[in-house]
Amino acid sequence: MTNRRDFLRRASLLGVGGALMGRGGQWLAASPVVTRTNAKQLGLQIYSLGRELAADVPGGLKKVAQMGYTVLELAGYSPEGRIGQTPMAEFKKYADDAGLRIASSHLNPPIRGGYTPENLPEIKEFWKKATDHHAAIGVKYLIQPGQPRTLSVEETSWVCEVFNEAGKIAKAGGLLWGYHNHSGEFARVTPGGTEALTGRPGFGRRDPEGTRLIYDLFLEKTDPSLVLFELDVYWAVMGQYDPVAYMKKHPDRIRLLHIKDVAVLGESGMMNFQKIYEVAYANGIEDFYVELENYAGGTQFEGVKGCADYLLAAPFVK
Ligand code: MG
């Protein structure tokens with residue numbers, strides 16, 4: 001007997017084109033139809049998988065897609081054109097095979113110490129090569145996640161000029177260039193200073209005249225047409241600043257987010273992801289990348305799946 005549930009199941013099969021009535025009235029063979037119940041766009045920074053991904057890149061990326069992730073942000077670029085040990089074209093093919101889009105990439109110029117006029121040519125050469133390599137596989141964003149030495153207002157201003165140069169190179173190649181923070185950017189620097197001051201100024205204490213947050217100088221002294229920002233919301237909190245306040249104040253500059261918690265998303269009491277997503281959507285942000293560092297509760301893959309499960313179940317994530 002056909003009950004209502006059977007009827008609905010059949011109707012839905014018809015609805016998705018699983019079966020068609022032939023001319024003679026016979027049922028044509030139905031091909032299996034896979035429908036995504038998850039319409040959410042979930043991004044993952046692959047650094048989160050650590051060495052576990054390197055063991056089996058094609059298989060690992062398929063697992064990531066099965067968890068519900070749809071977009072990747074790369075890590076581990078080398079100027080030889082590899083992501084970790086995998087040539088970039090090959091990595092792209094593995095991502096394609098898994099149904100994952102690669103939108104962004106984290107990379108740092110190989111400079112030890114501070115940025116200087118002397119090492120600027122080397123930095124520019126790095127970004128030129130990186131732009132070509134990433135354009136070839138259709139990546140949209142080049143993101144620098146490492147903070148160059150910034151011990152004074154002057155040194156920070158020079159770093160901003162170097163960022164602008166990187167942005168120009170990426171733009172010439174059709175890419176967008178951005179900066180990703182940790183907590184160190186929420187330290188303060190003074191004119192002519194020799195150290196960055198961490199933490200908030202003590203009660204009743206005054207910083208020297210002209211003291212500024214490094215992150216504020218980055219926002220102020222980089223060219224908005226060349227440099228955008230990927231805000232790591234967790235590291236902003238660790239730097240004792242409010243990521244939501246920054247997003248509200250700089251809606252045109254902060255265009256990507258790192259969605260990160262102490263470990264698996266939503267398990268600590270530190271991060272207000274509902275508010276973060278609400279303001280991000282109001283600002284038109286479309287790029288969100290989950291990040292998980294050393295996970296003590298299991299494998300990195302398990303932790304990354306826990307993060308996906310949290311976001312898939314969260315009603316505030318579109
Ligand atoms: Mg991050």
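Values below: every heavy atom of this structure, side chains too, minus hydrogens, waters and symmetry copies. Every number for a ligand or one of its atoms is a count from 1 in the order of the listing. One is the number of the first residue; the rest follow in order along the sequence.
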Verify same cluster id: Phe288, Tyr69 (apolar side-chain graph, 4.5 Å): yes
Could you pull out the atom name of the N/O/S atom in [X] that is nearest the Mg ion (ligand 1)?
X	answer
Glu291	OE1
His258	ND1
Asp232	OD2

task: Flag the pair Tyr277 / Tyr281 as yes when their ring centroid distance falls below 6.0 Å, and as no otherwise.
output: yes
field: salt_bridge(Arg212, Glu220) N-O dist < 4.0 Å
entry: yes
query: Quick check: does His182 put an N/O/S atom under 2.8 Å from the Mg ion (ligand 1)?
result: no
field: Donor-acceptor pair between Tyr179 and Glu185 side chains, under 3.5 angstrom
entry: yes
